[in-house]
Amino acid sequence: MNRKYFWVWIVLIAILAFITGELVNFMMLYLILLTLMEISDELKKRNGRP
């Protein structure tokens, strides 16, 4: 996933979380997505992909 699209999704989810009052769930989801992005980047580096 492109980083630009990642931030677009995060902003949309943040707005929805603010409206519904689910800010704690948003923070947990953000941490999970950020961790998965870092794992994906690390695996791509190890396999020699850009």
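Note that the numbering runs from 1 along the sequence shown for the chain. The structure presented is a predicted model; accordingly, all values stated were derived computationally and were not measured.
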Which pairs would a plain distance check flag for residues 24-36, meaning a side-chain donor or acceptor within less than 3.5 Å of a matching protein atom at least two apart in sequence or in another chain?
unit_1: Asn25; atom_1: ND2; unit_2: Glu22; atom_2: OE1; d: 2.6
unit_1: Thr35; atom_1: OG1; unit_2: Leu31; atom_2: O; d: 2.8

Which Ile, Leu, Val, Met, Phe, Trp or Tyr residues join Leu16 in one cluster when any pair of side-chain heavy atoms under 4.5 Å counts as a link?
none

Pairs where residues 6-17 contributes a residue and the test salt bridge (Lys or Arg N to Asp or Glu O under 4.0 Å) is met, not counting sequence neighbours:
none

For Glu38, check side-chain hydrogen bond (donor to acceptor under 3.5 Å, both in side chains) against everything at least two apart and list the hits.
none

Can you name the residues that form a side chain to side chain contact (heavy atoms under 4.5 Å, CB included) with Ile19, not counting sequence neighbours?
Ile15

